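Both ligands and their constituent atoms are indexed starting at 1 by order of listing. Computed from a predicted model, the values in this text were never measured in an experiment. All heavy atoms count here, side chains included; hydrogens, waters and symmetry mates do not.
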Amino acid sequence: MDIRITVICENTVGTTLPAIGEHGFAAFIETKTGNYLFDTGQGFSIIHNAKYLKKDLTSIKKIFLSHGHYDHTGGLTNVLNVKQRVGVYAHPDIFSKKYARLKTNGKETYRYIGIKHKKEYFEKRGAQFVLNSSFSEVENDIYLTGEVSRTTDFEKGDSRLLINDNGNFVSDPLLDDQSLILKTKQGLVVVLGCAHSGLINTIKHIMNHFKDEKLDTIIGGTHLSFLKEDQLDRTISHLKRYDFKMIGASHCTGLKAAARLYQEFENRFFFANVGTSIVIN
Ligand SMILES: [Fe+2]
Ligand SMILES: [Fe+2]
């Protein structure tokens with residue numbers, strides 16, 4: 001085994017083990033050079049699920065955070081409680097004040113959906129932040145996209161996602177959204193948090209950096225759940241241009257978009273929920 005990626009936090013559970021589902025995402029990555037954690041879920045399930053899935057959180061060399069939303073960063077404190085000193089790689093905007101605009105009974109409300117604590121709080125518990133906004137190699141053959149270039153004309157961000165800018169709610173550019181890339185003999189393996197930059201923007205951004213590589217597997221949250229039919233059509237038709245081997249949909253993909261991905265990609269599609277494990281040789 002060269003690389004194994006196991007989903008340890010996700011909205012649903014796909015194993016008979018007594019694991020917990022929660023709205024969120026985290027993946028445990030085992031490689032020849034060490035183990036890594038990508039995202040941390042909300043914090044309710046990571047410790048419990050890691051135990052039952054036999055993934056030792058004290059063994060992780062680095063933590064990568066896809067963006068600041070609570071459902072990806074909420075478990076950071078829990079992980080630091082067991083791991084203590086560890087490098088945490090993320091974009092500086094993970095600490096921006098992120099909100100979601102909700103409509104309840106016809107009324108607009110705003111809910112805080114950002115990271116739970118300030119940087120210093122995590123640092124006191126052992127987090128050694130490496131904040132970077134550009135594409136970077138974070139380990140041998142492991143890369144973070146940094147800010148993803150928005151190059152497609154159809155991938156508009158989710159207008160419900162906002163930041164509080166001195167009392168004013170404005171659209172969150174989500175520049176902190178980034179994905180992890182593992183360069184393997186089989187090709188590139190891409191691990192997504194929510195792909196708020198747009199699934200196609202993310203893939204295009206990655207392939208621009210790896211012109212001679214082929215795309216092998218995409219796994220994680222695709223944030224396709226809020227798309228109108230025409231935008232989803234365009235996403236699918238662009239996705240078909242990439243000769244990837246497998247796509248594992250998680251989290252904010254949503255059932256409707258996941259069903260569509262299955263319809264389009266059939267045996268190249270899988271659900272990636274708690275307990276799903278992929279091995280790349
Ligand atoms: Fe999410
Ligand atoms: Fe998100």
Side-chain angles (χ1 to χ4, degrees), residues 5 7-13 20-28 37-46 49 63-76 78-79 88-102 110-117 133 144-148 150 155-164 169-180 190-202 205 218-227 231 235 247-258 261 271-274 276:
I5 302 174
V7 177
I8 58 171
C9 298
E10 211 268 333
N11 304 29
T12 56
V13 173
I20 301 170
E22 65 175 26
H23 177 84
F25 188 76
F28 192 89
L37 185 66
F38 179 80
D39 285 348
T40 65
Q42 285 194 42
F44 299 108
S45 70
I46 192 158
N49 289 352
I63 298 174
F64 308 114
L65 296 176
S66 66
H67 61 304
H69 284 154
Y70 75 106
D71 49 332
H72 299 256
T73 57
L76 183 55
N78 310 62
V79 176
V88 181
Y89 290 66
H91 185 285
D93 287 1
I94 60 161
F95 294 105
S96 61
K97 296 187 185 95
K98 294 173 182 292
Y99 282 79
R101 182 175 45 231
L102 308 168
Y110 296 89
R111 177 186 164 205
Y112 183 73
I113 58 163
I115 197 162
K116 281 183 198 162
H117 304 285
S133 56
L144 276 174
T145 58
E147 286 176 20
V148 173
R150 271 65 165 172
E155 289 186 303
K156 313 270 183 251
D158 187 337
S159 61
R160 299 166 302 179
L161 302 175
L162 309 166
I163 47 170
N164 188 333
F169 288 107
V170 295
S171 171
D172 184 352
L174 272 150
L175 297 178
D176 47 327
D177 170 69
Q178 56 178 339
S179 302
L180 190 76
V190 176
V191 190
L192 309 165
C194 279
H196 286 298
S197 317
L199 177 59
I200 304 303
N201 280 335
T202 301
H205 179 89
I218 305 159
I219 183 169
T222 62
H223 212 74
L224 297 177
S225 60
F226 81 105
L227 299 193
Q231 193 178 333
T235 298
I247 183 162
S250 297
H251 180 48
C252 49
T253 302
L255 199 56
K256 207 173 145 195
L261 288 171
F271 267 128
N273 39 26
V274 177
T276 300

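- If you look at H67 and ask which of its N, O or S atoms sits nearest the Fe ion (ligand 2), the answer is NE2.
- Backbone or side-chain N, O or S atoms of H251 reach the Fe ion (ligand 1) at under 2.8 Å.
- Within H69, ND1 is the N, O or S atom that lies nearest to the Fe ion (ligand 2).
- Here the shortest heavy-atom pairing between V191 and A27 reads CG1-CB, 4.4 Å.
- D71 contributes atom OD2 as its closest N/O/S atom to the Fe ion (ligand 1).
- What you find for K98 and D172 is that their closest heavy atoms are NZ-OD2, 2.8 Å.
- Between S66 and F38, the closest heavy-atom pair is CB-CZ, 3.5 Å.
- Relative orientation of the H72 and H251 rings is perpendicular, given thresholds of 30° and 60° on the angle between their planes.
- Ring planes of H223 and F226: tilted class, angle from 30 to 60°.
- Under 2.8 Å from the Fe ion (ligand 2) lies an N/O/S atom of H196, whether from backbone or side chain.
- Not a single N, O or S atom of H23, from either the backbone or the side chain, sits less than 2.8 Å from the Fe ion (ligand 1).
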